[in-house]
Structure formats: structure tokens, C-alpha cells
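Every chain is numbered from 1 and lettered A, B, ... according to where its sequence line falls, protein lines coming before strand lines.
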Amino acid sequence: EDKVVQSPLSLVVHEGDTVTLNCSYEVTNFRSLLWYKQEKKAPTFLFMLTSSGIEKKSGRLSSILDKKELFSILNITATQTGDSAVYLCAVDVGRFTGNQFYFGTGTSLTVIP
Amino acid sequence: NAGVTQTPKFQVLKTGQSMTLQCAQDMNHEYMSWYRQDPGMGLRLIHYSVGAGITDQGEVPNGYNVSRSTTEDFPLRLLSAAPSQTSVYFCASSEGDVPSTIYFGEGSWLTVV
């Protein structure tokens, strides 16, 4: 059974801290791994990772994938209150002719001023 | 920029009633899906479709029906609503046969009393 596990489940930090969110997976057919940010509405796209060891970066956020150890991390540096959200990890297992995404339960991040 | 449009945004149903959540996308995506999101459970796949005329079950299909008569539309039907179906529902689409991001509708908040 395909499985995506995120840790920690929740995190409370102070503004300016750096956080690392984890996503591990066990799937039968890996196509890509995606990170999303969700703030009380639809998830918004952050990164898509397909290759090991290549860091994706956007401002204070960065992410990397390790296909050998089957995990990805999402780093947020110099956190701000606007980073408070649930961060979702999804793996595309690409069955049959199309995408098929399995989501982790998410990490809830709270940034305190 | 319509993207993925789902309606209604909010709905209250009585136990036993039926209803249809509408979903339409204008990106010519082959893959469409419905998720439900419950506290602590992440996004769970209800049904998905890899193209017009093709649908399949996800992780939690019981109590729901779907159809895909056109590429654009993918309605979700609740046959006989139960309180356990109180949830937030997201429709999503993606390109299908290549690694791609998944695009979400704004969500439908459904309460069954």
C-alpha cells in the first residue's frame, strides 16, 4: 500500500527561526514529489521534485529529494508569521495513464511574533 | 484565469438527502480527482478520472459516485448523505501523462446534519 508520512505533525516556532519539515514515502511507482502550502483554503503549489539531490529554491523556502532514502525535506529560513500554514507533501505514483497523487497528513506550522 | 471551478462553496444537507458537487476545469487536463479533507487526516482521494469516460475509485469511495462525460467536467454525487460525509471537498486536475502539478478548486464545505 502506498504511504506518505510527514513529520512533525505540528510545530510552533518564533519569527526568525529556521524550520525543517520532513516527508518520507513508500510507493510502488514514484513519478514526482510535490510540496503545497495550505492556509484555510485550497492548497497552493510550492515545489515539484523529480530528481535526487537537486535543490529547488524560492525565496526563503527550499526543498530537496533523496530517492535512495525515500524522503524529502522542506526548509524555511527566517520564518515570518505569514508562513503559518499547513504544509502538505504529495507523491505522484503515476499509475496507468495518468497522475495519481497520495498526500501526507500535513505539518501544521505556527510562527509566533 | 478560471482554472478549476467547483460549486457550491458551502452546503448544509439533511441525512439521507442527495446532492451533486460540480467541478469544471478549463486547462484541458486529462486527470481530474476529488479529495476530502478532515482534521488530522490530510487529503484523501475519493474518485479520480484519467480521461473522458474513464473513472476509478480512490481510497474512500463509499457513498460517492462520479462520471466524466466531458474532459472539462467531473461532478461528485453524494447518494444518501450521512453525517460522516461532513468534510471539505476539493476537486483537482492535472495534465495526466507527465509529472505535473495538481491544481485545486477553492473547496466545498459540506455539513450533513
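Note: the hydrophobic cluster containing A:V91 also contains A:Y87 (ILVMFWY, side chain heavy atoms under 4.5 Å, direct or indirect links). Under a hydrophobic-cluster definition in which Ile, Leu, Val, Met, Phe, Trp and Tyr are linked whenever side-chain heavy atoms come within less than 4.5 Å, directly or via other members, B:L21 and B:Y48 are assigned to different clusters. If you chain together hydrophobic residues whose side chains sit under 4.5 Å apart, A:F30 and A:V93 fall into the same group. Using a 4.5 Å cut-off between side-chain heavy atoms of Ile, Leu, Val, Met, Phe, Trp and Tyr, with links allowed through other members, A:F71 and A:V4 fall into different hydrophobic clusters. Hydrophobic clustering (ILVMFWY, side-chain heavy atoms < 4.5 Å, transitive): A:I64 and A:L33 are in distinct clusters.
Near-neighbour residues of residues 105-113 of chain B relative to chain A, defined by a heavy atom under 4.5 Å from a heavy atom of that chain, comprise B:G105, B:E106, B:W109.
Neither the backbone nor the side chain of B:S49 comes within less than 4.5 Å of any heavy atom of chain A. Using a 4.5 Å cut-off between heavy atoms, A:T105 contacts chain B through both its backbone and its side chain. Residue contact with chain A, scored on non-hydrogen atoms closer than 4.5 Å, is absent for B:S33. Using a 4.5 Å cut-off between heavy atoms, A:Q6 does not touch chain B at all.
Residues A:P43 and B:L43 are in side-chain contact: their nearest non-hydrogen atoms beyond the backbone lie under 4.5 Å apart. Here the side chains of A:Q100 and B:V50 are not in contact, with every heavy-atom distance at 4.5 Å or above.
Atom CZ of B:F90 sits about 10.0 Å away from atom CZ of A:F103, to the nearest 0.5 Å. Atoms CG and CD1, from A:L34 and B:I102 in turn, are 8.0 Å apart once rounded to the nearest 0.5 Å. For the atom pair A:D92 CG and B:Y31 OH, the distance stands at 8.0 Å (nearest 0.5 Å). Considering CG of B:L45 and CZ of A:F101, their distance stands at 10.5 Å, rounded to 0.5 Å.
The neighbour count for B:K9 NZ, taken as heavy atoms of other residues, nucleotides or ligands under 6.0 Å away, is above 12. For A:K3, the NZ atom counts as loosely surrounded, since its 6.0 Å shell holds 12 or fewer non-hydrogen atoms of other residues, nucleotides or ligands. For A:E55, the CD atom is densely surrounded, since the number of other residues' heavy atoms within 6.0 Å is greater than 12.
Applying the ring-ring contact (aromatic ring centres under 6.0 Å, His included) test to every pair with at least one member in residues 33-53 of chain A, sequence neighbours left out, gives these pairs: A:Y36-A:F45, A:Y36-B:F104.
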